[in-house]
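One structure is given here, and the rest of the page talks about it.
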Protein chains: 2
Amino acid sequence: MEGRIDRIKKQLSGAGYKLTPQRESTVRVLLENEEAHLSAEDVFLLVRDKSKDIGLATVYRTLELLNELNVVDKIQFGDGVSRYDLRQEGAAHFHHHLVCMECGAVDEIQEDLLGDVEQIVESRFNFQIKDHRLTFHGICHRCHSK
Amino acid sequence: MEGRIDRIKKQLSGAGYKLTPQRESTVRVLLENEEAHLSAEDVFLLVRDKSKDIGLATVYRTLELLNELNVVDKIQFGDGVSRYDLRQEGAAHFHHHLVCMECGAVDEIQEDLLGDVEQIVESRFNFQIKDHRLTFHGICHRCHSK
DNA sequence: ATGTGTGCAAACCATTTGCACCCCG
DNA sequence: CGGGGTGCAAATGGTTTGCACACAT
């Protein structure tokens with residue numbers, strides 16, 4: 001975990017930014033809550049809980065910055081809030097999501113299932129793919145077995 | 001086109017709603033601008049242009065209603081506005097999008113490329129898929145050839 | 001009459017921004 | 001000192017809502 005912080009610190013300084021205490025707290029909360037799909041406010045409250053002083057605006061600015069550096073991915077599931085996911089170490093592509101229409105749970109799929117599909121899209125539409133977003137909506141295994 | 005309006009009218013009345021003049025104008029604008037990925041405000045202005053009286057709130061309410069009836073799909077590309085796409089006749093699934101990071105254009109892919117992937121997801125994760133969203137971000141063929 | 005639908009304006013709420021202040025080099 | 005970074009509060013902007021009125025059954 002410290003290693004990941006270090007790497008992020010390098011990415012920041014490489015781009016001319018510092019890892020301030022607020023930024024570090026924000027990153028730590030993201031690390032401690034991977035796969036949680038936190039909103040900016042979620043992050044804000046979690047940092048607050050550890051009795052660290054931080055402003056909501058700073059959280060937004062930090063998340064925005066991390067998004068630009070491709071440290072986090074900003075996603076929207078359609079509920080009006082943006083959520084932020086730490087990008088996996090060395091992941092070439094964004095992972096996928098399974099959103100349950102019943103209980104609202106969001107599960108992740110780390111494997112890249114789109115290799116073949118991307119081949120088709122690149123050649124057939126002459127579109128150079130940089131990234132993708134894939135979300136399935138349906139009934140999760142928990143609700144399904146009820 | 002009249003046929004599609006008729007069908008939508010039936011869907012509305014089946015659910016206990018009427019095809020009012022405002023709702024019809026809204027649907028016509030969507031039909032005349034398929035693949036345009038209009039925002040609520042876009043629809044509002046286009047209906048206005050035809051000198052039809054309509055309020056922005058009505059447009060929102062209509063689009064919301066059509067979304068619930070699965071007549072339109074509500075999508076967000078991350079620019080802060082919701083866009084509304086008429087669902088294809090008889091399409092079991094939502095079509096895919098190619099968003100150009102250079103010029104911002106949004107192209108559509110009607111073919112369903114996810115058959116195999118869905119098989120995998122359903123069996124491996126025991127997730128019952130109802131719908132999906134797939135968007136590729138990259139450089140479109142127009143910008144690519146510049 | 002009963003209820004659905006509409007327009008307007010106000011309210012809402014996530015996000016952004018202006019600005020004064022702070023800290024570090 | 002100078003510039004990035006922060007906090008607060010105010011502004012922004014898309015979307016929703018309250019309410020009075022209109023229209024059809």
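Values in this document were obtained by computation on a predicted structure and should not be read as measured data. In the text below, chain A, chain B and the rest are named by the order of the sequence lines, each starting its count at 1.
In this model, the phosphate group of D/dG7 is approached by a side-chain N or O of A/Q22 to a distance below 4.0 Å at OP1 or OP2. Considering only side-chain N and O atoms, B/Y60 lies nowhere under 4.0 angstrom from the phosphate OP1 or OP2 of D/dT16. Side-chain nitrogen and oxygen atoms of B/T58 include at least one within less than 4.0 Å of the OP1 or OP2 phosphate oxygen of C/dG7.
Closest approach to the A/A57 side chain among D/dG14, D/dC8, C/dT15 is made by D/dC8 (side chain taken as heavy atoms from C-beta onward). Nearest to the side chain of A/K18, among D/dG5, C/dG18, D/dG18, sits D/dG5. The side chain of B/R61 sits closest to C/dC8 out of C/dT15, C/dC8, D/dG7. Listed nucleotides: D/dG7, C/dG5, D/dT15. Nearest to the side chain of B/T20: C/dG5.
If you take CD of B/Q76 and C1' of D/dG14, they are 11 Å apart, rounded to a whole angstrom. At whole-Å resolution of the value, CG in A/L56 and P in C/dA14 are 10 Å apart. Taking atom OH on B/Y17 and atom C1' on D/dT25, their separation rounds to 18 Å, with Å as the unit. Rounded to whole Å, atom P of D/dG5 lies 15 Å from atom CD of A/E24. Between the CG atom of B/L12 and the P atom of C/dT4 there is a distance of 15 Å, given to the nearest Å. In this structure, B/F44 atom CZ and D/dT15 atom P are separated by 13 Å, rounded to whole Å. Summarising the geometry, the separation between CG on A/L38 and C1' on C/dA14 is reported as 16 Å, rounded to the nearest angstrom. Distance B/L63 CG to C/dT6 P: 12 Å, rounded to the nearest Å.
A salt bridge between B/R28 and B/E24 is present, with a side-chain N of the basic residue lying under 4.0 Å from a carboxylate O of the acidic one. Taking the charged nitrogens against the carboxylate oxygens, B/E34 and B/R87 have no contact shorter than 4.0 Å, which rules out a salt bridge.
Each of B/R48 and A/Y84 has a nearest nucleotide on DNA chain C; the 5'-most of these lies closest to B/R48.
Within the nucleic acid shown, B/S82 comes within 4.0 Å of sugar-phosphate atoms alone, with no base atom in reach, counting heavy atoms only. Here B/R23 lies in heavy-atom contact (under 4.0 Å) with sugar-phosphate atoms only.
Here the side chains of A/T62 and A/T20 are not in contact, with every heavy-atom distance at 4.5 Å or above.
A/V72 and A/N67 get closest at one heavy-atom pair: O-OD1, 3.2 Å.
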- Message: I'd like to know whether B/H97 forms a ring-ring contact (aromatic ring centres under 6.0 Å, His included) with B/F136, so could you lay out the CA-CA distance, the side-chain angles of the two residues, the decisive distance to 0.1 Å, and finally the verdict.
- Response: CA-CA 6 Å; B/H97 292 99; B/F136 291 103; over 10 Å; no

